[in-house]
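Reading through the structure tokens given below for one structure.
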Amino acid sequence: NAGTSSTSPKQTLLGFDIAALPAGAHVLFARGGAWSNVNISVLNLNATPTAPVVFDSYATSWGGATKPLLMTSAANGVSFGNYGDTVQDGGYTFRNLKFDGQGTATWGFFLMGATRNVLIENNEITGFEIGTHFQNMASGNEALTIRGNYIHHNREMGMLGDANNMVIEGNTIEANNYSGSGFNHGLYLGGHATNGIVRNNRFINNSAVNGVCTGGNLTVHGQWTGLLIEGNIITQDASTNGCWGISLTDGYPSVEFFRNVTIRANEIVNVELGIAARAAPDVLIEANVIRSNQPRLPSGIVIAQPNGSEDDDSTGARLVDNVVCFDAPNPGREQAVRLNNTRSTETGTVYRTGASANTGPCSTVK
């Protein structure tokens, strides 16, 4: 078949030269179709941010609304650029597809080199070691957007990496890191980057073993300047030591800092530690709700000094109008908020325990 219309589609990607496609080209997979051994490499110098090369689905008379299923049992589902590449390329969109690593493949999406303007939208990504992996190398990944995806049941992490001017929003991130390792997380931002947004995502039972969370949910290490974490919902059925909700902490032997950071209007349920910040000077933690029905004593918000002497100091944190609700009867007030020094301030905290944890502002918490 010519592969130029829905009435004469090609069966596979054989015969397509992705690198030679013109700006604005669309590569479409049939809804309801399935392909095995899919390893897509994307490096197209014709693509632009305003005329991207688009990978998407198309309607068939037999496929209904079922996303095209792209399976691989080895390597990566989609790889962008080449390792160490300094040639800038970009303008790529992947949407409305299902990628399945079948429990053995490496990474669903891997961005490296100098990739620009990638949109990963409304896909299902499952069965990989890491769902999406993006590395901000010397030339930098720029303008990465990961939006509206269902990223679930990946062995280590739902997402890992760093990119400048990054937006991660509206995703459902569920049951990743199902070994419960403390080194893996639902979303792990590491390395170094500027201007990141993590907004309106739903984290469900990541890092959980037999229904008990033992690892991280939304974790940040490294060097970040300009980071907004807003409107996310993090839920666990149960938790124990090591299960943290939102964590900006030093974890590397190199210098670390988290500057110009806002953590606002997130809802965090049934974790051991709701929000932790180290090496985050002047961080604003505002209007978050932390809820736990666990019998053990959890912690709400903790601001601590960094472990490394060269890391930024943890001073000047501003905690404003946060709500902490613990069903456990009468835990100490320090379980709600712990500040490292007098330069940090706390105003407007609502703290409820025991029976009162279901009244007032706590009564609306899911």
Side-chain angles (χ1 to χ4, degrees), residues 101 103-109 124-134 146 149-162 168 171-191 196 198-222 224 227 229 231-252 258 263 266-278 288-302 304 326 366:
T104 56
T106 310
W107 303 322
F109 287 85
E124 183 176 351
I125 306 166
T126 188
F128 292 92
E129 181 179 311
I130 300 171
T132 60
H133 186 185
F134 34 101
I146 304 174
N149 302 280
Y150 181 32
I151 303 172
H152 66 101
H153 293 91
N154 295 288
R155 298 192 303 280
E156 292 188 359
M157 284 174 269
M159 287 184 266
L160 167 66
D162 50 345
I168 298 174
N171 303 283
T172 297
I173 304 163
E174 181 174 10
N176 301 284
N177 183 27
Y178 45 75
S179 72
S181 167
F183 295 100
N184 300 318
H185 315 278
L187 167 58
Y188 178 5
L189 300 179
V198 181
R199 179 172 55 205
N200 297 339
N201 302 283
R202 182 74 182 258
F203 295 78
I204 305 171
N205 291 336
N206 293 284
S207 304
V209 180
N210 296 324
V212 179
C213 169
T214 60
N217 289 274
L218 197 172
T219 300
V220 187
H221 293 321
W224 282 80
L227 184 59
I229 301 174
N232 302 282
I233 298 175
I234 298 175
T235 60
Q236 293 289 345
D237 292 336
S239 63
T240 189
N241 292 340
C243 179
W244 290 14
I246 298 173
S247 170
L248 286 81
T249 57
D250 50 326
Y252 300 158
F258 312 102
I263 303 173
N266 301 281
E267 184 174 314
I268 304 170
V269 179
N270 287 344
V271 301
E272 181 205 14
L273 172 53
I275 298 173
R278 293 196 308 250
N288 301 281
V289 178
I290 300 169
R291 176 83 159 88
S292 177
N293 63 18
Q294 301 296 285
R296 62 195 310 279
L297 293 182
S299 295
I301 302 170
V302 175
F326 294 151
K366 297 180 179 63

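Just so it is clear, the structure is predicted and the values come from calculations on it, not from any experiment.
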Donor-acceptor pair, [X] side chain versus [Y] backbone, under 3.5 Å?
{"X": "His221", "Y": "Thr249", "result": "yes"}
{"X": "Glu272", "Y": "Gly242", "result": "yes"}
{"X": "Arg155", "Y": "Ala105", "result": "yes"}
{"X": "Asn266", "Y": "Asn232", "result": "yes"}
{"X": "Ser207", "Y": "Gly216", "result": "yes"}
{"X": "Asn154", "Y": "Phe128", "result": "yes"}
{"X": "Trp224", "Y": "Gly190", "result": "yes"}

Please verify the inter-ring angle class for His153 with Tyr178; under 30° counts as parallel, over 60° as perpendicular, anything in between as tilted.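 The rings of His153 and Tyr178 sit tilted, inter-plane angle from 30° to 60°.
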Under 30°, 30 to 60°, or over 60°: which ring-plane class applies to His185 and Tyr188, parallel, tilted or perpendicular?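 Geometry flag for Tyr188 against His185: perpendicular rings.
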With rounding to the nearest 0.5 Å, note down the distance linking [atom1] in [X] to [atom2] in [Y].
{"X": "Arg199", "Y": "Ile229", "atom1": "CZ", "atom2": "CD1", "value": "12.5 Å"}
{"X": "Phe203", "Y": "Ile234", "atom1": "CZ", "atom2": "CD1", "value": "5.5 Å"}
{"X": "Thr172", "Y": "Ile204", "atom1": "OG1", "atom2": "CD1", "value": "5.5 Å"}
{"X": "Leu187", "Y": "Thr219", "atom1": "CG", "atom2": "OG1", "value": "8.0 Å"}
{"X": "Gln236", "Y": "Thr214", "atom1": "CD", "atom2": "OG1", "value": "9.0 Å"}
{"X": "Asp237", "Y": "Asn270", "atom1": "CG", "atom2": "CG", "value": "7.5 Å"}

How close do Asn184 and Glu156 get, counting heavy atoms only, and between which atoms?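 Closest approach of Asn184 to Glu156, heavy atoms only: CB-O, 3.3 Å.
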Please find the pair of heavy atoms, one from Pro298 and one from Val271, that lie closest to each other, and give the distance.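 What the structure gives for the nearest pair is CB-O, 3.6 Å.
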Contact between [X] and [Y] at the side-chain level, heavy atoms closer than 4.5 Å - yes or no?
{"X": "Glu174", "Y": "Arg202", "answer": "no"}
{"X": "Phe109", "Y": "Ile146", "answer": "no"}
{"X": "Asn217", "Y": "Cys243", "answer": "yes"}
{"X": "Asn176", "Y": "Met157", "answer": "no"}
{"X": "Asn149", "Y": "Thr132", "answer": "no"}

Run the numbers on Leu248 and Ile263 for side chain to side chain contact (heavy atoms under 4.5 Å, CB included), then give the verdict. CA-CA 10 Å; Leu248 286 81; Ile263 303 173; 3.6 Å; yes
More than 12 non-hydrogen atoms from neighbouring residues, nucleotides or ligands closer than 6.0 Å to OH on Tyr252, yes or no?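 Counting other residues, nucleotides and ligands, OH of Tyr252 exceeds 12 neighbours.
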Over 12 non-hydrogen atoms of neighbours within 6.0 angstrom of CG in Asn241: yes
For residues Ser181 and Ser179, is any side-chain donor paired with an opposing acceptor at under 3.5 Å? no
Is there a donor-acceptor contact under 3.5 Å linking the side chains of Asn206 and Asn177? no
Pair Leu189-Val198, side chain to side chain contact (heavy atoms under 4.5 Å, CB included): steps then yes or no: CA-CA 10 Å; Leu189 300 179; Val198 181; 4.0 Å; yes
